[in-house]
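Here is the structure we will look at, set down as structure tokens.
Index from 1, following the sequence. Computed from a predicted model, the values in this text were never measured in an experiment.
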Amino acid sequence: MQNDVRRIGAGGQRVRRGGGRVLLLLGLLAAALAGEKADAASTLLALRFGRMVDGTGKTRQNPIILVEGERIKRIVDAGTPLPPGATLIDLSPYTAIPGLIDVHTHLTYYWDTETTTLEQLDKQMTAMVVYLSQKNARIMLETGVTTVRDLGADDYADIAMRELVKRGAMVGPRMFVAGYGLTVTREPLKPAPGHNPGHADGIPEVLRVVRQQLSAGADVIKVYGSHGGFDDVNGQQTFTFDEIKAAVDLTHQSGKRIAVHSYGPSGARDAVRAGADSIEHAVDMDDATLAEMVRRRTVYVPTLDHNRYYIENAKLYGFKDDAVVKLRAFMERNLATTRRAIQAGVRIAMGSDVLYTMFGQNTYELGWLVRAGMTPAQALYAATGQGAALLGMEKELGAIAPGFLADIVAVQGDPLTDIRAVVYGVRWVMKGGVVVVDKR
């Protein structure tokens with residue numbers, strides 16, 4: 001990981017004009033945030049809310065949440081004398097909810113729309129990608145998302161961002177990252193500069209690439225178990241069951257978790273049978289697969305909203321005329337599958353698949369989950385407690401409780417009766433005891 005950070009510095013040096021200023025600005029920001037963290041660590045904050053939805057299904061009227069350092073110390077009723085030295089922040093017009101968790105993002109996909117998306121992926125230096133992606137990270141915090149699972153980035157830009165956020169040198173959500181996603185070969189062999197380090201054909205290659213991501217510092221492994229993405233809704237399976245099983249077993253032996261992308265039902269079926277922790281996007285899963293997901297506690301991340309985004313931005317992306325028709329049809333199948341998964345009792349986590357110009361729309365996914373049959377309370381849990389459990393962080397994230405990290409969001413309205421309070425009503429955000437958004 002230190003090598004990744006050093007590589008960012010080296011990239012900055014290669015950009016001769018302005019490179020020094022970039023590093024200087026990063027240094028100043030780091031110093032400022034370090035001071036802010038020191039203040040947070042030495043200050044007891046008392047957050048007064050009109051109401052609290054704690055993430056476990058319980059509500060509480062007029063609570064005061066005591067935050068010390070980066071964690072929640074305890075929760076008391078209004079009128080309770082505050083501890084000596086506590087600083088009161090009056091948020092009584094708002095409802096407190098836990099910081100939201102988006103389990104499918106692509107933070108390093110920055111796009112200024114002046115070039116095509118793929119051109120930017122191919123041409124921009126990693127140092128530029130990481131620096132420009134700060135905007136994506138800040139916008140995401142404004143939606144109330146304080147933690148993400150980032151599923152795929154080139155040149156380990158996601159690992160660099162994660163470390164910068166940890167150090168306080170970048171303002172953004174807490175990141176759990178995947179490095180390169182595993183893909184099968186889909187094109188002729190290219191010279192090394194054009195080679196995708198995520199390519200893996202056969203079990204030995206799968207094991208090698210999984211080990212490479214883990215060695216680089218990945219928190220989670222991502223496998224592209226089918227074709228599909230952007231205007232391509234082809235769900236043809238790529239990796240075999242045995243290849244997926246090899247990736248799953250090695251990942252779990254290493255103490256990590258694994259997500260399998262599959263637009264189609266066969267890749268999803270084999271991923272569930274292989275023991276994957278989550279299935280991303282899949283449509284048309286049969287009843288047997290859904291029942292197996294319930295039995296194995298496999299999490300479904302349907303990513304319903306991102307195809308809406310592609311439809312609305314088809315011209316911007318340069319999609320062909322028939323792409324919108326195919327995307328609309330896929331969305332209907334995606335919604336129908338999600339509805340059946342909810343009825344079957346499958347665990348569902350909120351994943352937006354945000355990238356490029358979609359940042360800030362993360363929580364639109366919650367509206368689709370309600371449309372698919374969830375109650376607002378269930379949809380909120382998909383974005384809090386269920387996301388935390390998928391990350392293995394259920395004792396630190398996804399709830400407002402003593403000992404948990406102080407990720408707290410103030411929303412206008414009642415999220416248990418109208419999920420739009422979460423989608424459109426975020427007014428204030430705390431992450432790890434530090435106020436990162438204030439729109440009161």
Quiz item: Charged N to carboxylate O under 4.0 angstrom, Lys320 versus Asp322?
Solution: no
Quiz item: Does one side chain, of Asp305 or Gln361, offer a donor that lies under 3.5 Å from an acceptor on the other?
Solution: no
Quiz item: Does Arg347 reach the main-chain N or O of Gln386 with its side chain, forming a donor-acceptor pair under 3.5 Å?
Solution: no
Exercise. Without swapping roles, check the side chain of Glu243 against the backbone of Gly202 for a donor-acceptor pair under 3.5 Å.
Key: yes
Quiz item: Which atom names give the shortest non-hydrogen contact between Gly217 and Arg162, and what distance separates them?
Solution: O-NH1, 2.7 Å
Quiz item: Can you tell me if Thr363 uses its side chain to pair, donor with acceptor, with the backbone of Leu366 under 3.5 Å?
Solution: no
Quiz item: Can we say Glu142 and Arg427 salt-bridge, meaning some charged N sits less than 4.0 Å from an Asp/Glu carboxylate O?
Solution: no
Quiz item: Can you tell if the side chain of Thr384 reaches within under 4.5 Å of the side chain of Val53, non-hydrogen atoms only?
Solution: no
Practice problem: Mind checking the CG-OG spacing from Leu151 to Ser278? Nearest 0.5 Å is all I need. | Solution: 7.0 Å
Practice problem: Using atom types as modelled and distance alone, determine if a side-chain donor or acceptor of Arg149 lies under 3.5 Å from a backbone N or O of Val103. | Solution: yes
Exercise. Would you indicate whether the side-chain heavy atoms of Thr146 and Leu100 approach each other to under 4.5 Å?
Key: no
Self-check item: Salt-bridge present (Asp232, Lys326; N to O < 4.0 Å)
Solution: no
Quiz item: Do you see a donor-acceptor pair shorter than 3.5 Å between the side chains of Asp102 and Ser352?
Solution: yes
Exercise. Would you sort out whether Tyr94 and Phe49 count as a ring pair (Phe, Tyr, Trp, His ring centres under 6.0 Å), showing the intermediate values?
Key: CA-CA 6 Å; Tyr94 307 108; Phe49 284 93; 7.8 Å; no
Quiz item: Strictly by modelled atom types, are Ser226 and Gln237 linked by a side-chain donor-acceptor pair under 3.5 Å?
Solution: no
Exercise. For the pair Tyr309 (side chain) and Thr357 (backbone), establish whether a donor and an acceptor sit closer than 3.5 Å, ignoring hydrogens and angles.
Key: yes
Quiz item: In Å and rounded to the nearest 0.5 Å, what is the NE2 to CH2 distance from His306 to Trp368?
Solution: 12.0 Å
Quiz prompt | CZ (Arg420) with more than 12 external heavy atoms under 6.0 Å | solution = no
Quiz item: Do you know the tightest heavy-atom contact between Val129 and Thr108?
Solution: CG1-O, 3.3 Å
Quiz prompt | Of Asn136, Asp150, Asp158, the residue whose pairing with Thr105 passes side chain to side chain donor-acceptor pair (under 3.5 Å) | solution = Asp150
Practice problem: Examine distances only and state if a side-chain atom of His199 and a backbone atom of Glu205 form a donor-acceptor pair shorter than 3.5 Å. | Solution: no
Quiz prompt | Phe230-Phe319 aromatic ring centre distance below 6.0 Å | solution = no
Practice problem: Kindly determine whether Arg174 and Val165 satisfy side chain to side chain contact (heavy atoms under 4.5 Å, CB included), including the steps that lead there. | Solution: CA-CA 7 Å; Arg174 190 177 293 102; Val165 170; 5.8 Å; no
Practice problem: Taking atom CZ of Arg440 as the centre, report whether more than 12 heavy atoms of other residues, nucleotides or ligands fall under 6.0 Å from it. | Solution: yes
Exercise. Could you tell me whether Arg308 and Glu312 have a side-chain N and a carboxylate O separated by less than 4.0 Å?
Key: yes
Self-check item: Asp219 side, atom CG; Met393 side, atom CE - distance, nearest 0.5 Å
Solution: 10.0 Å
Quiz item: With a 4.5 Å limit on heavy-atom distance, are the side chains of His252 and Ile258 in contact?
Solution: yes
Exercise. Check whether any side-chain heavy atom of Ile65 lies under 4.5 Å from a side-chain heavy atom of Arg48, and answer yes or no.
Key: no
Quiz item: Backbone N or O of Met161 within a donor-acceptor pair of the Lys166 side chain at under 3.5 Å?
Solution: no
Quiz prompt | Heavy-atom side-chain proximity of Val409 to Trp428 below 4.5 angstrom | solution = no
Quiz prompt | N/O donor-acceptor pair under 3.5 Å between Asp54 side chain and Thr56 backbone | solution = yes
Quiz item: So, the side chain of Tyr224 versus the backbone of Thr238: is there a donor-acceptor pair under 3.5 Å, distance only?
Solution: no
Self-check item: CA sep, side-chain torsions, deciding dist, call: Ile348, Leu369, side chain to side chain contact (heavy atoms under 4.5 Å, CB included)
Solution: CA-CA 9 Å; Ile348 294 176; Leu369 293 180; 4.1 Å; yes
Practice problem: Report yes or no: do Thr303 and Asp353 form a side-chain donor-acceptor pair below 3.5 Å? | Solution: no
Self-check item: Check: Gln212/Arg208 side-chain N/O donor and acceptor closer than 3.5 Å
Solution: yes
Quiz item: Which pair of heavy atoms, one from Ala276 and one from Val260, lies closest together, and at what distance?
Solution: CB-CG2, 3.7 Å
Quiz item: Given side chains that start at C-beta, do those of Ile408 and Leu47 come closer than 4.5 Å, heavy atoms only?
Solution: yes
Quiz prompt | Rounded distance (nearest 0.5 Å) linking atom CG of Asn362 with atom CG of Leu141 | solution = 10.0 Å
Exercise. Answer yes or no: is there a donor N or O on one side and an acceptor on the other, between the side chain of Asn334 and the main chain of Phe330, under 3.5 Å?
Key: no
Practice problem: Measure centre to centre between the rings of Trp111 and Tyr317, then say whether the value is under 6.0 Å. | Solution: yes
Exercise. Would you kindly say whether Tyr263 and Glu280 are connected by a side-chain donor-acceptor distance under 3.5 Å?
Key: no
Quiz item: Any luck finding a side-chain donor-acceptor pair between Tyr300 and Thr337 under 3.5 Å?
Solution: no
Quiz item: Hey, mind stepping through Asp249 and Lys245 against salt bridge (charged side-chain N to carboxylate O under 4.0 Å, His left out) and telling me if it holds?
Solution: CA-CA 6 Å; Asp249 289 348; Lys245 185 70 164 61; 2.8 Å; yes
Quiz item: If you take all heavy atoms of Ala46 and Leu66, which pair is closest and at what distance?
Solution: CB-CD2, 3.7 Å
Quiz prompt | Gap between atom CG of Asp407 and atom CD of Glu70 - 0.5 Å precision | solution = 9.0 Å
Quiz item: To the nearest 0.5 Å, how far apart are CG in Asp277 and NZ in Lys256?
Solution: 12.5 Å
Practice problem: Identify the heavy atoms of Val422 and Pro415 that sit nearest to each other, and give their distance. | Solution: CG2-CB, 3.5 Å
Practice problem: Start with the C-alpha gap between Tyr156 and Tyr180, add the side-chain angles, then the distance that decides, and say whether ring pair (Phe, Tyr, Trp, His ring centres under 6.0 Å) holds. | Solution: CA-CA 7 Å; Tyr156 302 115; Tyr180 284 93; 5.2 Å; yes
